[in-house]
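First comes the structure, then the notes that go with it.
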Amino acid sequence: MVNAERKGKRQVLIRPSSKVVVKFLQVMLKNGYINEFVLVDDHRAGKIVVSLNGRLNKCGVISPRYDFSHHEVESWVGRLLPSRLFGKIVVTTSAGIMDHEEARRKKVGGKVLGFFY
């Protein structure tokens, strides 16, 4: 996605599709970093067509999925994001997949999935 964004493309194809990727894209959509995405069922692993809007500078995944607690969020923000003012860290918690600010508000910990800004 980052390469297509830098090249100025309006759409990008992601394959294979998974529930985690769809939830990650929903967090990006909610924060306005992408316009929309469409699931394409090909009776295999599936594909996702993402419509880009030019706001995405970088996105990535964190492997392995490190544990974090809600009071460690600030240290992860300092490590992964260029500024505290913009960008999100996507985390998976017992309350579902959400960004780091929502996890801090709900006071839940979990595992770090990835980031985007």
Side-chain angles (χ1 to χ4, degrees):
M1 274 177 48
V2 176
N3 290 341
E5 188 78 63
R6 287 185 183 149
K7 194 95 159 116
K9 303 279 187 188
R10 303 310 304 162
Q11 287 186 330
V12 65
L13 181 71
I14 299 175
R15 56 188 246 298
S17 167
S18 72
K19 288 192 280 187
V20 174
V21 172
V22 170
K23 294 285 189 184
F24 197 103
L25 289 172
Q26 284 175 347
V27 173
M28 291 176 80
L29 182 67
K30 186 176 80 174
N31 289 294
Y33 282 85
I34 59 175
N35 283 339
E36 63 180 0
F37 63 93
V38 178
L39 294 165
V40 179
D41 184 25
D42 59 356
H43 299 292
R44 291 174 189 79
K47 298 174 185 172
I48 303 173
V49 178
V50 181
S51 173
L52 303 172
N53 61 4
R55 264 195 78 196
L56 188 66
N57 293 320
K58 182 159 188 178
C59 66
V61 296
I62 304 300
S63 180
R65 293 180 179 169
Y66 291 108
D67 293 332
F68 82 103
S69 61
H70 70 277
H71 58 298
E72 291 175 349
V73 169
E74 210 52 51
S75 68
W76 279 100
V77 168
R79 272 185 254 171
L80 295 176
L81 300 179
S83 168
R84 298 161 116 202
L85 300 176
F86 69 96
K88 303 285 183 194
I89 298 174
V90 181
V91 297
T92 177
T93 67
S94 58
I97 295 177
M98 60 187 77
D99 60 39
H100 69 278
E101 292 174 350
E102 190 177 346
R104 185 187 300 149
R105 278 195 304 272
K106 292 184 176 180
K107 291 192 165 100
V108 292
K111 294 184 181 287
V112 178
L113 282 180
F115 62 93
F116 58 88
Y117 53 84

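Across all their heavy atoms, Val2 and Cys59 have their closest contact at CG2-N, 3.3 Å. The shortest heavy-atom contact between Ser17 and Val22 is OG-CG2, 4.2 Å. The two residues Ile34 and Met1 have their closest heavy-atom pair at CG2-CE, 4.1 Å. Contact between Phe68 and Ala103 at its shortest, heavy atoms only, is CZ-CB, 4.5 Å. Closest approach of Leu52 to Ala4, counting heavy atoms only: CD1-CB, 4.0 Å.
The number of heavy atoms from other shown groups lying within 6.0 Å of CZ (Arg79) is above 12.
At least one side-chain heavy atom of His100 sits less than 4.5 Å from a side-chain heavy atom of Leu81. At least one side-chain heavy atom of Glu102 sits under 4.5 Å from a side-chain heavy atom of Lys30.
In the hydrophobic clustering of ILVMFWY residues, with side-chain heavy atoms under 4.5 Å counting as a link, Tyr33 and Val61 come out apart. Residues Val108 and Tyr66 fall within the same hydrophobic cluster, defined by Ile, Leu, Val, Met, Phe, Trp and Tyr side chains chained together at heavy-atom separations under 4.5 Å. Put simply, Val20 and Met28 are part of the same group of oily side chains (I, L, V, M, F, W, Y) that touch within less than 4.5 Å, one to the next. By the criterion of side-chain heavy atoms lying less than 4.5 angstrom apart, applied directly or through intervening Ile, Leu, Val, Met, Phe, Trp or Tyr residues, Val49 is not grouped with Phe24; the two fall into different hydrophobic clusters. One hydrophobic cluster, built from ILVMFWY side chains closer than 4.5 Å, holds both Val40 and Leu13.
The CG atom of Leu25 sits 10.5 Å away from the CD1 atom of Ile97 when rounded to the nearest 0.5 Å. Here CG of Asp99 is found 9.5 Å from CD1 of Ile89. Values are rounded to the nearest 0.5 Å. To the nearest 0.5 angstrom, Met98 atom CE is 13.5 Å from Arg104 atom CZ. Interatomic distance, Phe116 CZ to Asn57 CG, rounded to the nearest 0.5 Å: 12.0 Å. We find the CZ-CD distance between Phe37 and Gln26 to be 4.5 Å, quoted to the nearest 0.5 Å. Interatomic distance, Arg84 CZ to Glu74 CD, rounded to the nearest 0.5 Å: 4.0 Å.
Of the listed residues (Val91, Leu113, Val90), just one forms a side-chain contact (heavy atoms from CB on, under 4.5 Å) with Val27, and that residue is Val90.
Of the possible polar contacts, one joining the Glu5 side chain to the Gly54 backbone as a donor-acceptor pair under 3.5 Å is found. Between the Arg15 side chain and the Gly46 main chain, no donor and acceptor come within less than 3.5 Å of each other. A donor-acceptor distance shorter than 3.5 angstrom exists from the side chain of Arg44 to the backbone of Asp42, with no hydrogens or angles considered.
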